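Source: prediction; values computed, not measured.
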Amino acid sequence: MRLITFMAFLIMGIQQASIAQEIIHLNGGKPSGTETGQILLDQKTGLHTVYNVKKPTLTVYTSEASKANGSAVIICPGGAFHILDIDNEGTKVAEWFASRGFTAFILKYRLLPLDPKNPLGDIGEKAKDMDKFLVLASTGVPQAVKDGKSAMRYIKSNAAKWKIAPSKVGIIGFSAGGTLSLGLAYASEKEITPAFTASIYPFATEFESAKVTPHAPPLFIAAAEDDDFNFDMSCLNLYKKWKAAEKSVEMHIFQRETWLWNKKAKPSCRSVDCIFRELVIPLGLHEKITQL
């Protein structure tokens with residue numbers, strides 16, 4: 001299902017655009033030119049896609065003071081480590097969390113390079129052999145995970161600025177972003193352990209040999225049975241590892257991916273909204289947050 005959607009994206013009429021964003025530069029200073037990413041605008045849907053991120057950034061979404069619950073979440077959009085689905089798996093998710101009291105941070109992590117003059121043609125050519133493309137995408141994991149760790153350290157170190165508790169900073173990622181989130185779940189550095197990790201249809205085989213640490217966070221996994229890349233099976237193995245380590249874990253495998261992440265459906269009809277509601281449980285906030 002997602003393979004069809006991905007290939008359809010490649011042939012859609014998309015033009016370059018720019019969006020003014022308030023951002024935090026994780027490496028310090030202010031990058032020049034397009035180092036924080038170039039942007040594509042889909043004229044039909046109005047949705048944006050980011051590519052060629054060379055310098056990682058965070059975009060902050062704060063909640064109303066009356067709703068603030070002292071917790072935060074890092075949001076990692078997906079895109080095979082070549083692009084970021086910044087609206088569907090970034091902005092919309094951040095707005096959802098912020099409306100419910102969280103301080104949300106969208107992470108634009110470093111991506112594998114695409115031809116700046118013809119990014120769609122470039123990724124389309126690479127995706128013709130999907131097996132090779134997945135191998136290529138996996139080479140983007142180390143730098144993305146490094147950016148995720150930098151983001152967690154930065155937010156925890158500056159938690160007082162947003163009136164959040166360092167111990168209540170979680171992470172959620174989709175697809176490639178889900179793989180990134182697993183990098184923090186497996187991290188040996190206790191100080192960057194998330195309050196929770198939510199991996200939505202991640203490429204979990206990237207961490208098959210990794211061991212679950214004693215300080216591993218509560219893990220939430222969601223995938224779909226009709227996934228073109230069989231991510232549901234690698235997610236099942238991921239669940240078994242957390243279970244064997246006697247760590248908190250919850251997994252949902254939906255029959256159809258459209259039930260998991262139907263971007264066109266009303267919020268009340270999307271299974272992913274049920275997933276978001278479950279995410280507050282590890283934080284002990286579910287009784288405090290209204291309108292869920």
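Enclosure of atom CE in M233 is not indicated, since only 12 or fewer non-hydrogen atoms of other residues, nucleotides or ligands lie within 6.0 angstrom. For Y239, the OH atom counts as loosely surrounded, since its 6.0 Å shell holds 12 or fewer non-hydrogen atoms of other residues, nucleotides or ligands. Within 6.0 Å of the NZ atom in K146, the count of heavy atoms belonging to other residues, nucleotides or ligands does not exceed 12.
A distance-only check finds no donor-acceptor pair linking the side chain of K126 to the backbone of G121 [under 3.5 Å]. Within the 3.5 Å criterion, the main-chain N or O of E208 finds no donor-acceptor partner in the side chain of T205. Remark: the backbone N or O of Y154 is paired with a side-chain donor or acceptor of N158 at under 3.5 angstrom. Put simply, the side chain of Y186 never gets that close to the backbone of S181: no donor and acceptor are under 3.5 Å apart. In this structure, the side chain of K156 does not engage the main chain of V169 through any donor-acceptor pair within 3.5 Å. Formation of a donor-acceptor pair under 3.5 Å by the S199 side chain with backbone atoms of G178 is found in this model. Of the possible donor and acceptor atoms, none in the side chain of K163 sits under 3.5 Å from a partner among the backbone N and O of A68. Of the possible polar contacts, none joining the H25 side chain to the L58 backbone as a donor-acceptor pair under 3.5 Å is found. With hydrogens and angles disregarded, a donor-acceptor distance shorter than 3.5 Å links the side chain of E89 to the backbone of G78.
D147 pairs with exactly one of K55, K108, R153, R110 by the salt bridge (charged side-chain N to carboxylate O under 4.0 Å, His left out) rule, that one being R110.
Inter-residue side-chain proximity for K168 and I164 is flagged as unmet; no heavy-atom pair is nearer than 4.5 Å. The shortest distance between side-chain heavy atoms of H82 and L114 falls below 4.5 Å. Looking at C235 and N237, their side chains never come closer than 4.5 Å, going by heavy atoms from C-beta outward. In this structure the side chain of L111 never reaches within 4.5 angstrom of the side chain of N52, judged on heavy atoms.
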task: Check the pair T103, V60 against side chain to side chain contact (heavy atoms under 4.5 Å, CB included), reporting the backbone distance first and the verdict last.
output: CA-CA 7 Å; T103 300; V60 188; 4.0 Å; yes

query: Could you go step by step and tell me if L182 and L219 meet the side chain to side chain contact (heavy atoms under 4.5 Å, CB included) rule?
result: CA-CA 9 Å; L182 289 177; L219 178 61; 4.1 Å; yes

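Atom CG of D115 sits about 8.5 Å away from atom OH of Y51, to the nearest 0.5 Å.
The cluster map of Ile, Leu, Val, Met, Phe, Trp and Tyr, joined by side-chain heavy atoms under 4.5 Å apart, puts L47 and L41 in different clusters.
F231 has its ring centre less than 6.0 Å from the ring centre of F203. The six-membered or imidazole ring of F105 lies near that of W162, with a centre-to-centre distance under 6.0 Å.
Using a 4.0 Å cut-off between charged side-chain N and carboxylate O, K149 and E189 make a salt bridge.
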